Structure formats: C-alpha cells, structure tokens
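Read through the structure below, which is laid out as structure tokens, and then see the notes.
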Amino acid sequence: MNTSETGNGPKLLHQVEQIYESKYFSIAFALIFLLIMTVLALVFHKVGGFGVETDFYWGYAPEAKAFLHGKITIDAFHGPLYPWLLALVARAIGDLFTSGVLISVFSASVTVYFVFEIMKSLFSSDVAFAATVLVAVNKSFVEYSYTAGTDMVFVALSMAGLFLLFRKPTITAVELALSALFAACAYLVRYNGLVFLVAIPLVLVVASVEIKGMKKYIAALTWASVFIVVAAAWAIYLKLHVGSFVYDKNYQNIAYELFAKGKMTWDQFWFQSSHRYTSYMDVILGAPVAFAGMLARNAGIHLFGDVSRLNNIVVGVPALVGFVFFALSKPGRRQAGFAAIFVLFFCVLLTVYYAERFSLLLIPLYSFAAVFAFKAIASRLRLKRNAVVLVNVLVAGLIAISYADSFAFNSGQIDAGPKDMLLIRNWFHKEYGDKYDGSLLAARKPHLAHLLKMRLYEFPMVDSYDSLMSTLRRDSVKFLYYGDFEERFRPQFFNLFNIDTAHAGLKPLCITRTPPAVLYELTK
C-alpha cells in the first residue's frame, strides 16, 4: 500500500521516501548492517554459547576440519553444505569459530537486502522500508546474525531463492533455475528446506509469476527438476556410502516430543531410548493419534512463541491483526503466493519443539504484517491527509520498541559464552603449547575440546566415581573438565569442584572461580 492510497504526506516524508525508492538504498542498508554487526560480533562474541553453538563445536567444526583434509562427513541430522562453506571460509581466515560468525553476519546482511527488494516489488517502498528495519532490529534476527551456526545461512539461501522469484512480475528461465538452485542449497543446509519442493512449484502454478517463454506448469516442473537434480547429487553419495538415498534421523526429535518429553531428559532419551525409533513412519504410525494431537498443540505453542519470543508482543500482536487484514484485503496472487510459502514452512515446523532459531525465516512475514496492520487500519478509518503521518509515527514506535528490546537482550547475550574456557585455553596453551593436540578430553559440551584442539569424549552417564574413572581409563581419556553444564547434567560429581579434596587418579591443572570450573589431568 503506497501513500497515494492514504493521502499525501508532508513534503519531508515524501523526500525521505525518495531516498529508499533509490535502487541503491537496499544495498547501502545491507552494507551498513554488515559493518555494524561485523564490528559487534568480532569485538564481543569471542566464544560460542551453550545453546545452538554447541552444534557448531560438536558437529560443524569437526566436519569442516575433515573436509579440509579431503574427507566428506555424513551427519544424520543435517546436510553437508554448511560444513563445506565453513571449511572454505576458514581456509582463508584461519579460525573456524570466527569464520562461522562472519558467515552468519554476511548471511544476515544479504537477507536484509533480499527482504527489502521482495517487499518493494510485492507491496511498496514505504512498506518495504518499515518491514526491513523491523527485521534488522528484531532481537532474534540480531542474535543469530552473530551466532555461529546454520540458521542464518539457511535463511539467506531460502530468501535468495524467493528473491529470484518475486523481485519482479516477470522472470527469466535462468532466474527460475537459480531460484531452485538456492532453495536446493537451503535444503542441503537444513533438511526441512524440502518444504520448498512442494511450496514453490505450487505457488508457480497458482500465483501470477510470469516466466518468459514458459507456461506456468512447465515452469513449476522445471523448478522442481532443478531442485531435485541438485539434491540428487547428495542423495547418490549417501546411497554409495550408507546404502540409502536418504539419511535423516530428525525423526528422533519427533519421537522425543511424542514419547519422552516430560518423562525423561534429552540425555536419558538419547542414551537409553532413541535407538527404538528407526524411521519417520516408525514414529508417526506408531502413534498417529498422539502425532496429530502434538501437531495441534504445537500450532498454538509455535504461534505464541513467534508472537512473544521470536518477535515481541508489541510487534507480534499487530502482526496477527495484520494477517487478518491482509487476508481480507484480497491480495494479488503474487502477494498471496509469497505469504503461502511461509505458512507452509510454519506448518512443517510443527513437527518439532519450538525454538526461535527454527522460525527465523518467518520474521520478514511477521514484520510485514505488523506494518500492514497500521496502514490497513488508517486506510479503513479514512484518515486521508493525516494517515501517512499517523502510520509513520506508529511504525516508528514499533521500531523503537523493537530496537530497545533487541539492545537489552543482545547486549547481555552477545558475550554470554563460557569465559572460563577462554581462561583455561590461554593458560593451557601457555603451559603446554600444542603438546596434547588430539588428546581426548571428557566434558558434557564440546567447546573446550575445540579450544584446546583436542577430541571430545562425552562425559559418561555413570553413577559412581569409580565407574567414571574406570570408563575414562578404559578409553584412554587424558583430561577431564567439570564446569557449569557438567554440574547441571552430572550433579553426582559435584565434589569435583573441590580441588582441596583428593580425587584418586586426577590431577587438577587449572581452576576458575567465576564461573566455577576445573580442568583435570588423568594420572597413571
């Protein structure tokens, strides 16, 4: 909706609109975001946190190291593309974690560009500007802009595929093929990207996206074919090495939701029960009624989470109102098709537990809906000349509140990683250098093993000290780390914090007080 629909705004507002009407504005905006987030990330985000960045240290970094040595690692929970990208960037930069952070920052920046250009094409430049700024200051979007992991890469690749489809009413066959290529790459980063193989061909058939020299059914078939060809390369590799075209164990997350959540911890499920479930059909057909009930419950849980956590209430509630107004406004087919892709993605997420990072791709749609709500209300109230001023004031208020919320959250989050491990790393490298590179380090989380260039040995699930030591000795573990997370999940060994008490077979090397942590060496 542009200003002509709600009356002419003051001259100053019109002049401002002329700025973001410029074809260079979105590039400049993305570059400013890139510069700010790069500086903040490199200055404050020195070590990954215990949340999603555990996956970085546990899986992505080792897989990237393997790729640099000519080995392709097959993981049961994600595709291969992110570790390959991480390896290539790390070859140039030298540090895997810094590379992961910079990849996320760059991915977030190009996403900002794609969001503006898509919104400008589908709606108007003023809506695009407001929605893109809301995206850029969204607390979850900012958080995962400096977080090392697959989340923002998946969002950027997904938005690249959508950008090539929706940036203008008529696209070429080359743009169509590139869209499918980017979407397939998103799938090879995160397997739930498979939703695009259904959603986008459907939209190509239903929506008015014109392909030069190609009818819509042929266009949909072409898009799907390119996607399948790209994905098939990995499927063939899987067939040759694991005996199946599909190697995806994310059904274990569904199994935990259905059968174990609230009854046992994830650790207990993973070690004791996860082997009982061997496929998606095994899980779903094993309890179809419970599965349907889980989807229904998760619909409410995820929607509430998106409103209150992915966004904040001040943006989330207007977004819900905006969705209603958008549906009632009889949107064009391109607009409706664009929104439908996000709705289908929301539905796919209902099969797993709620986490903001899974829903990052939905932020642009929520931001647009929040802006649309105020413009639609102003239009319906027939405020005419004052409508532009009122809408801009209200949307500016949304942006200001979102910025304040994001600043408060991320100023505490960006450097919230385990600082004790940085202290231990610095001390250990000063004392021993690379003497113990490749040794086994027992810990609950993989962070310190990565920092010390060692191999993680997951802290055993045993009940007694004797059992712990016999297990570590049996597997030739050289070091043992006990910190905050170990205390949380292995509380029976709380006394390891007390280095004044003799622990047979363990020699304390380094201890930190805030937070409490201790690194032991196993003695003979």
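Note that this is a predicted model, so its numbers are computed, not measured.
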- [ ] Start with the C-alpha distance between N138 and N311, add both sets of side-chain angles, then the distance that settles side chain to side chain donor-acceptor pair (under 3.5 Å), and finish with yes or no.
- [x] CA-CA 6 Å; N138 177 283; N311 299 278; 3.2 Å; yes
Open item on the list: What I'd like to find out is whether the side chain of L31 reaches to under 4.5 Å of the side chain of Y113, using heavy atoms alone.
Closed with: no
- [ ] Indicate yes or no: at least one non-hydrogen side-chain atom of S470 is less than 4.5 angstrom from one of D466.
- [x] no
Open item on the list: Does Y403 have more than 12 heavy atoms from other residues, nucleotides or ligands lying within 6.0 Å of its OH?
Closed with: no
Task: Flag for S104-S107: side-chain donor and acceptor within less than 3.5 Å - done: no
TODO: Step by step, work out the side chain to side chain donor-acceptor pair (under 3.5 Å) result for S140 and E356.
DONE: CA-CA 7 Å; S140 300; E356 294 95 321; 5.2 Å; no
TODO: Starting at CG of L519, measure out to CD1 of I511 and round the result to the nearest 0.5 Å.
DONE: 10.5 Å
TODO: Could you walk me through whether Y191 and Y187 pass the ring pair (Phe, Tyr, Trp, His ring centres under 6.0 Å) test, one step at a time?
DONE: CA-CA 5 Å; Y191 285 139; Y187 163 74; 5.4 Å; yes
Open item on the list: If I take atom CZ from residue F409 and atom CG from residue D405, how far apart are they, to the nearest 0.5 angstrom?
Closed with: 8.5 Å
Open item on the list: Determine whether R513 and D420 satisfy the following criterion, salt bridge (charged side-chain N to carboxylate O under 4.0 Å, His left out), listing intermediate values before the conclusion.
Closed with: CA-CA 8 Å; R513 300 294 181 185; D420 61 292; over 6 Å; no
- [ ] Determine, stepwise, if the pair Y251 / D282 fulfils side chain to side chain donor-acceptor pair (under 3.5 Å).
- [x] CA-CA 9 Å; Y251 57 80; D282 187 26; over 6 Å; no
- [ ] Please check if any side-chain donor atom of Y366 sits under 3.5 Å from a side-chain acceptor atom of D306, or the reverse.
- [x] yes
Task: Charged tip of R425 within 45° of F428 ring normal and under 6.0 Å - done: no
- [ ] Tell me whether the guanidinium CZ or amine NZ of R444 lies under 6.0 angstrom from the six-membered ring centre of F489 and within 45° of its axis.
- [x] yes
Open item on the list: How long is the straight-line distance from CE of M159 back to CG of L157, given to the nearest 0.5 Å?
Closed with: 11.5 Å
- [ ] Would you check, one step at a time, whether the test ring pair (Phe, Tyr, Trp, His ring centres under 6.0 Å) holds for Y247 with H241?
- [x] CA-CA 10 Å; Y247 187 62; H241 290 82; over 10 Å; no
Task: Parallel, tilted or perpendicular: rings of F114 and F163 (30°, 60°) - done: tilted
Open item on the list: Can you tell me if K65 has over 12 outside heavy atoms packed within less than 6.0 Å of its NZ?
Closed with: yes
Task: Criterion side chain to side chain donor-acceptor pair (under 3.5 Å) on Q413 and H45, from CA distance to verdict - done: CA-CA 9 Å; Q413 183 69 20; H45 199 54; over 6 Å; no
Open item on the list: Regarding Y280 and D248, do their side chains bring together a donor and an acceptor under 3.5 Å, going by distance alone?
Closed with: yes
- [ ] Report the relative orientation of the aromatic rings in F493 and F459; use parallel for angles under 30°, tilted for 30 to 60°, perpendicular for over 60°.
- [x] tilted
TODO: Verify the ring-centre separation between Y146 and F44: is it less than 6.0 angstrom?
DONE: no
Task: Heavy-atom check, side chain of L522 versus side chain of M469, under 4.5 Å - done: yes
TODO: Determine the sole option in W84, Y82, Y60 for which the ring pair (Phe, Tyr, Trp, His ring centres under 6.0 Å) test with F67 is passed.
DONE: W84
TODO: Could you grab the distance from atom CD1 of I363 to atom OG1 of T111, nearest 0.5 Å is fine?
DONE: 10.0 Å
- [ ] Look up atom OH in Y482 and atom CG in N498, then write down how far apart they are to the nearest 0.5 Å.
- [x] 12.0 Å
Open item on the list: Could you go through F141 and Y144, starting from their C-alpha distance and side-chain angles, then the distance that decides it, and tell me whether this counts as ring pair (Phe, Tyr, Trp, His ring centres under 6.0 Å)?
Closed with: CA-CA 5 Å; F141 189 85; Y144 288 96; 9.7 Å; no
Open item on the list: Would you say the rings of F259 and Y277 are close, in the sense that their centroids are separated by under 6.0 Å?
Closed with: yes
Task: Atom CZ of F407: over 12 foreign heavy atoms under 6.0 Å - done: no
Open item on the list: Check the orientation of F196 and F345. Use parallel for under 30°, tilted for 30 to 60°, and perpendicular for over 60°.
Closed with: parallel
Task: K507 and T523: side chain donor to acceptor below 3.5 Å - done: no
TODO: Mind checking the OG-CZ spacing from S109 to F29? Nearest 0.5 Å is all I need.
DONE: 10.0 Å
Task: Parallel, tilted or perpendicular: ring planes of Y354 versus H302, cut at 30 and 60 degrees - done: perpendicular
TODO: Measure the acute angle between the ring planes of Y57 and F97, then classify it against the limits of 30° and 60° as parallel, tilted or perpendicular.
DONE: parallel
- [ ] Decide if atom OH of Y432 counts as having more than 12 heavy atoms of other residues, nucleotides or ligands within a radius under 6.0 Å.
- [x] yes
TODO: In sequence, state the C-alpha distance, the side-chain angles, and the governing distance for Y436 and F479, and then conclude on ring pair (Phe, Tyr, Trp, His ring centres under 6.0 Å).
DONE: CA-CA 10 Å; Y436 292 107; F479 299 97; 5.1 Å; yes
- [ ] Assess whether atom NZ of K453 is packed by more than 12 heavy atoms of other residues, nucleotides or ligands within 6.0 Å.
- [x] no
Open item on the list: Other residues, nucleotides and ligands only: do more than 12 of their heavy atoms fall within 6.0 Å of CZ on R473?
Closed with: yes
